[in-house]
Amino acid sequence: MRNFILAILFAFLCSAGLAVSAQDAAPLQAAANQAQAAAADAAKAVETAKTAFPKKLSDLEAKIPGLKRNSQMSEPDECFDWYEDPATGHVYLVYVWGNDKTMAKFEADAAAVAAEKLLAGDEAGAKLVTDNAKSVVEATRAAKGYGLVYSVSFAKGKDLHDGREILIVKPVNRSKGKVILARSMAVENMKDGLLVASSLETGDVVGEFLPALLYNESVREGSQAKSLPGFGTAINNLWHSTGIYDIYRQTTADFSKTWILGLGRLLMMFVALILLYLAIVKGFEPLLLLPIGFGALLANIPLAGISGPDGLQGMIYMVGIESGVFPCLIFMGVGAMTDFGPMLANPRTALLGAAAQFGIFGALLGALALNVVPGITFNIKDAASIGIIGGADGPTSIFVTSRLSPSLLGAIAVAAYSYMALVPIIQPPIMKLCTTEAERKIRMKQLRNVPKIEKICFPILITLLCAFLLPDAAPLIGMLMLGNLMRECGVVDRLSDTAQNALINIVTIFLGIAVGSKLSAEQFLSLQTLGILVMGCCAFCIATAAGVVFAKIMNLFSKDKINPLIGAAGVSAVPMAARVANKLGLEYDSQNFLLMHAMGPNVSGVIGSAVAAGVLLSLCGGL
């Protein structure tokens, strides 16, 4: 019995001990499990850090031993550097505006300008340059080199060819500009969240690229596309792909800086509708304002990318505007439709077309003077592009602006064609102000008949003179004279008819669509646009007044008087300006027909504006 009791007690004590041991071991096991999970998470984080795309240059340097800056690829750009992984050959694009190197270069450039001013004895100017440079450097560093992204034209997995635009960025204290690849690249990876209305800071890694000399589009047999996402993910992706969401996202990203990219698109759509209204309802230059207005509507559709480098408008712009083909083809059509007979019959009237070009150079000086207005900065190239509006010649304005100031093309083209359409409204008050009633009643002698040989020789001689004296104007003058020669020679009627009708109509459609692509919100909604519209109007008024006043001056030294009204036709709005002069003359003398007389300065104005364009391109093209 005693042994039985002892056995029971022993069993009880053992079971109690096991229970206590199990209870003590449970926390230890839990702690061990937590430690194991933490170790696994740490290992996973390390692995993720190794494979994750680096956000900053410091992360990139920590990730890749031996990373080096590729100076050959980086110079002379001031905003971006290339860093190369020597092991893989991959290169990384890094935003560097605002770092010590770029700021030191900025200060050195300013010091060089200040030194030149000191040598010229301009101490105040030297101090102003130095102080401005110091304030710009301080502001740039304080903003961490902030750069607002206006356009993103590349994506992971894409093959990019040399000359391809990949970004449009507006760095702080710099103008907005395109980022263009100088060599072919395959996109391996890119910065997370790099979208329109996002921002860059100094040291941000923009993308990872692999330089490529060959692209092979062959794919493996049996390869499959990725599987479709889940229903919820698909709905979310669909919502994010809508224009409504994109306008909201871009507007609210940083409202003070990005509202133009969101709400601004809606405002520009409204502007496009106004252009369509003026073209369709009011009949103002419908052949161009209609395609320009509709092109502006397309350019401001969110996410569509129609005006981007891969979009329809972007490709048309690159082929026709950047190359200068469209304005030259328009000039050929104008030449085929124009009769130079009135100018040849009375060569004096050609001087009136030359006088009207004063508006171009007057507006150029005025545009430079506008730099005193805060928020407006026009350099000499911008001013030259604005001034050419005074010629009232849309194709010439486009031709010059596409070479000197492409970013202003939309505003300048709209201003040029708008003022051409407003010739019947703008010119008469100026013509009346500059003339007396007696002068408006002056009757001019009947024009002589111009022999065919003169009409044939004229375009050939003008082309030769242009070739020897002003080669920069040769593309416009040459095509204008080719069209006129086809008209006058009488042996290529089919070509002349094509140039006058089918060809010029086709080119006009594409020209309007391409110009409309530049009426995007980020390019149009600015104080500079207002300045362009004001100076364009001033240029047009000065050109009109200069032609009229010069005709009055000619009358002081001429036996055969010229009706000063035809001087207003010196602007190259053919034939509207001539019709306006004729109509105003008939108001004061119902038998005083000035149309053919006014066509002389009108067609000479076309030549004059092209010559002025050549002069501006020659003077400013190399700056």
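- Between the NZ atom of Lys455 and the CG atom of Asn484 there is a distance of 9.0 Å, given to the nearest 0.5 Å.
- Surrounding OH of Tyr150 are more than 12 heavy atoms belonging to other residues, nucleotides or ligands, all under 6.0 Å away.
- Under the 3.5 Å distance criterion, the side-chain polar atoms of Asp122 are left unmatched by any main-chain donor or acceptor of Lys117.
- Of the charged side-chain nitrogens involved, none lies within less than 4.0 Å of a carboxylate oxygen, so that Glu488 and Lys452 do not count as a salt-bridged pair.
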(request) Using the side chain to side chain contact (heavy atoms under 4.5 Å, CB included) rule, take Leu364 and Leu616 through it: C-alpha gap first, then chi angles, then the decisive distance, then the call. (result) CA-CA 10 Å; Leu364 187 154; Leu616 293 176; 3.7 Å; yes

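- A donor-acceptor contact under 3.5 angstrom links the side chains of Ser405 and Asp382, judged on distance only.
- In the displayed structure, Asp560 atom CG is contacted under 6.0 Å by more than 12 heavy atoms of other residues, nucleotides or ligands.
- Inspection of the Arg487 and Ser496 side chains reveals no N or O donor paired with an N or O acceptor under 3.5 Å.
- Other residues, nucleotides and ligands place more than 12 heavy atoms under 6.0 Å from the CZ atom of Arg448.
- At least one donor-acceptor pair under 3.5 Å links the side chain of Glu439 to the backbone N or O of Thr436.
- Residues Ser153 and Arg164 have side chains in contact (heavy-atom distance under 4.5 Å, counting atoms from C-beta outward).
- Taking CG from Leu565 and CD from Gln427, the interatomic distance works out to 10.5 Å, rounded to the nearest 0.5 Å.
- Applying the salt bridge (charged side-chain N to carboxylate O under 4.0 Å, His left out) rule to Arg443 yields the partners Asp589; only residues at least two apart in sequence or on another chain are considered.
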(message) Using side chain to side chain contact (heavy atoms under 4.5 Å, CB included), reason through Phe340 and Ile607 one step at a time and then give a plain yes or no.
(response) CA-CA 11 Å; Phe340 287 123; Ile607 300 173; 4.0 Å; yes

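- In this structure, OG on Ser184 lies 4.5 Å from CG on Asp162, to the nearest 0.5 angstrom.
- Here Ile292 contributes atom CD1 and Ser517 contributes atom OG; the two are 10.5 Å apart, rounded to the nearest 0.5 Å.
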(request) Applying side chain to side chain contact (heavy atoms under 4.5 Å, CB included), run through Phe593 and Met444 and close with a yes or a no. (result) CA-CA 9 Å; Phe593 297 97; Met444 299 178 64; over 6 Å; no

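- Of all non-hydrogen atoms in Asn300 and Ala521, the two that sit nearest each other are OD1-N, 3.1 Å.
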(message) salt bridge (Lys or Arg N to Asp or Glu O under 4.0 Å) for Glu587 and Lys583? Distances and angles first, verdict last.
(response) CA-CA 6 Å; Glu587 289 181 8; Lys583 182 180 178 182; 5.3 Å; no

(message) Using salt bridge (Lys or Arg N to Asp or Glu O under 4.0 Å), reason through Glu322 and Arg403 one step at a time and then give a plain yes or no.
(response) CA-CA 7 Å; Glu322 282 191 355; Arg403 278 160 171 69; over 6 Å; no

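- Looking only at atom types and distance, the side chain of Arg348 has a donor-acceptor partner in the side chain of Ser558 under 3.5 Å away.
- In terms of heavy-atom proximity, Val400 sits nearest to Ala613 at CG2-CB, 3.4 Å.
- The closest side-chain heavy-atom distance from Ile532 to Ile389 is below 4.5 Å.
- Panel note: side chain Asn592, backbone Tyr588; no donor-acceptor pair is recorded below 3.5 Å.
- Heavy atoms of other residues, nucleotides or ligands lying less than 6.0 angstrom from CZ of Phe358 number 12 at most.
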Show me the donor-acceptor pairs, under 3.5 Å and distance only, between side chains in residues 311-319 and residues at least two apart or in other chains.
unit_1	atom_1	unit_2	atom_2	d
Gln313	OE1	Ala299	N	3.4
Gln313	NE2	Gly295	O	2.8
Gln313	NE2	Ile513	O	3.1

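- Of the inter-residue distances, the one linking Thr435 atom OG1 with Lys441 atom NZ reads 12.0 Å to the nearest 0.5 angstrom.
- To the nearest 0.5 angstrom, Asn555 atom CG is 11.0 Å from Phe550 atom CZ.
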